[in-house]
Amino acid sequence: MGMIKVDDFDLQCTLESGQIFRFREINGWYYVSARDKLFKIRQLKNKIEFHGVDQKFIVYYFSLDEEHTKILEEINKDPFINKAIMEHRGLRLIRQDPWECLVAFICSSASNIPRITSKLNSLSQFFGKKQRLDDYTNFAFPLPGKINDYEKIKEAKTGFRAKYIFETNNTIDYERLNSLKTLPYQSAKDELKKFNGVGDKVADCTLLFSLGFYQAFPVDTWIKKIIQQRYFNNKTVPNKTINNFGMDYFGRYAGYAQQFLFVFSRMNGNT
DNA sequence: AGACAGGGGAGTG
DNA sequence: CACTCCCCTGTC
């Protein structure tokens, strides 16, 4: 158990911003599954309280050690992004496990959050180890190599993504994933895109959420919508154009800008 | 009730 | 680049 004082951190906004999928709120606590870890956490004003992992992990996982103020200053390029930042002050990027992150975003294609959660929980249940915290039971996310039964993967309702997950599981390991951290952005992205089921968006999510590439600017339909509306005079442009624009305009922490815009766009509906 | 789209990607042309 | 299909589920 532990308790930390935090500044500029909003637990709920961070957890519910579409970065991670395996968490659940019970009686004021968030129970969070992160690869092989299961912990619970809650926020009371500027304090967070947690059980199940040590403080070092919490600080790392929720990016509490970063120069947050400086990052916000760097991406704060205009009144609109400023508004998005102010409305969702405390939103942080989570530092995920790269393997779980990659599979999660392969599952995300043409899907939505509840269904992604369902797929990941089923995969964990079928291939991972059972865990318990208080009266809450869940399953650890299986290691690479463990998600090796194609029929079971289908059973997790992964649909056409089943073959992608199966192939990726059989060819990837942590050494290969972690080695991507040392590559330049574009090379790391190209490497990820070699996996079936991984295109620009899934690669960028994996790079941003789990491999430390803060310049990555994932383009999904929400980001496409808001960027076109605010920066392209509401004209339809290719995703590649939006990707390039985001990285050029917001700079080395473009991924943070993307996260604020994503939450802002979703909160404000599809108008 | 059946068509349709949903926080992409691959395979075509 | 534009277009279609991919599996599945909830929705109108």
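Quick note on labels: first sequence line is chain A, next is B, and so on, each numbered from 1.
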Side chain to side chain donor-acceptor pair (under 3.5 Å) with A/Y30: which residues, sequence neighbours excluded? A/E16
Nearest non-hydrogen partners of A/F127 and A/N148, listed with the distance: CE2-N, 3.8 Å
Can you check the A/R266 CZ to B/dG6 P distance for me, whole Å? 14 Å
Between A/K70 and A/E73, is there a salt bridge with N-O shorter than 4.0 Å? no
For the pair A/D97 and A/R95, find out whether any cationic side-chain nitrogen is under 4.0 Å from an anionic carboxylate oxygen. no
Any side chain to side chain donor-acceptor pair (under 3.5 Å) involving residues 76-88 of chain A? Give me the pairs, sequence neighbours left out, ordered by first then second residue. A/N76-A/N82, A/D78-A/Y231, A/D78-A/Y249
In dot-bracket form, 5' to 3', how is DNA chain B paired? Count Watson-Crick and G-U wobble pairs only if both distances fall under 3.5 Å, and write | where the partner sits on another strand. .|||||.||||||
Heavy-atom closest pair (A/P142 atom, A/W99 atom, distance to 0.1 Å) is O-NE1, 2.8 Å
Separation of B/dG9 P from A/I116 CD1 (nearest whole Å): 12 Å
If every non-hydrogen atom of A/T168 is compared with every non-hydrogen atom of A/N196, which pair is closest and at what distance? OG1-O, 4.1 Å
Result for side chain to side chain donor-acceptor pair (under 3.5 Å) between A/S124 and one of A/E100, A/R35, A/R22 points to A/R22
Contact list (N/O, under 3.5 angstrom) for nucleotides 10-13 of chain B vs protein:
{"residue": "B/dA10", "atom": "OP1", "partner": "A/G197", "partner atom": "N", "Å": "3.2"}

Students should find that the nucleotides of DNA chain C closing off the region near chain A, any atom under 4.0 angstrom from a heavy atom, are C/dC6 to C/dT9
Rounded to the nearest 0.5 Å, how far does CG of A/N170 lie from CD1 of A/I147? 10.0 Å
Show me, pair by pair, the donor-acceptor contacts under 3.5 angstrom made by side chains of residues 254-263 of chain A, not counting sequence neighbours?
{"residue": "A/Y256", "atom": "OH", "partner": "A/E66", "partner atom": "OE2", "Å": "2.5"}
{"residue": "A/Y256", "atom": "OH", "partner": "A/L93", "partner atom": "N", "Å": "2.9"}
{"residue": "A/Q259", "atom": "NE2", "partner": "A/S17", "partner atom": "O", "Å": "2.9"}
{"residue": "A/Q259", "atom": "NE2", "partner": "A/S17", "partner atom": "OG", "Å": "3.2"}

Quick check on contacts: within residues 206-221 of chain A, what sits under 4.0 Å from DNA chain B by heavy-atom distance? A/D220, A/T221
Using atom CG of A/D200 as one end and atom P of B/dG8 as the other, report the distance to the nearest whole Å. 12 Å
Nearest-Å distance once atom P is located in both B/dA1 and C/dC8: 22 Å
Please list every donor-acceptor pair under 3.5 Å in which a side-chain atom of residues 134-141 of chain A meets a protein atom from a residue at least two apart or in another chain.
{"residue": "A/D134", "atom": "OD2", "partner": "A/Y31", "partner atom": "OH", "Å": "2.6"}
{"residue": "A/D134", "atom": "OD2", "partner": "A/K40", "partner atom": "NZ", "Å": "2.8"}
{"residue": "A/Y136", "atom": "OH", "partner": "A/N138", "partner atom": "ND2", "Å": "2.9"}
{"residue": "A/N138", "atom": "ND2", "partner": "A/S33", "partner atom": "OG", "Å": "3.1"}

Taking side chain as C-beta onward, heavy atoms only, is A/D220 less than 4.5 Å from A/I223? yes
Separation of A/R161 atom CZ from B/dG8 atom C1', in whole Å? 9 Å
Side-chain heavy atoms nearer than 4.5 Å, only ILVMFWY residues, links allowed to pass through others: does that put A/F21 and A/F209 together? yes
Is the A/Y214-A/Y253 ring centre distance short of 6.0 angstrom? yes
Rounded distance in Å - CG (A/N112) to P (B/dG8): 10 Å
Within this structure, what is the CH2-to-P distance between A/W222 and B/dG6, rounded to whole angstrom? 9 Å
Using atom P of each nucleotide, how far apart are C/dC7 and B/dT12 to the nearest Å? 15 Å
Which residues pass the ring-ring contact (aromatic ring centres under 6.0 Å, His included) test with A/F213, not counting sequence neighbours? none
Electrostatic pair A/K240-A/D200, nearest N-O below 4.0 angstrom: no
I need the residues from residues 240-261 of chain A with at least one non-hydrogen atom less than 4.0 Å from DNA chain B; give them sorted by number, or say none. none
Is the shortest distance from a Lys or Arg side-chain nitrogen in A/K37 or A/D54 to a carboxylate oxygen in the other one below 4.0 Å? no
Below 3.5 Å between N/O atoms, which protein atoms pair up with nucleotides 2-5 of chain B? Just atom names and distances, please.
none

Find the distance A/I106:CD1 to B/dG9:P and express it as a whole number of Å. 10 Å
Salt bridge check, A/K189 against A/D204: does any charged N sit closer than 4.0 Å to a carboxylate O? yes
Expressed as a whole number of angstroms, how long is the span from A/L102:CG to B/dG8:P? 16 Å
A/R176: which residues meet the salt bridge (Lys or Arg N to Asp or Glu O under 4.0 Å) condition with it, sequence neighbours left out? none
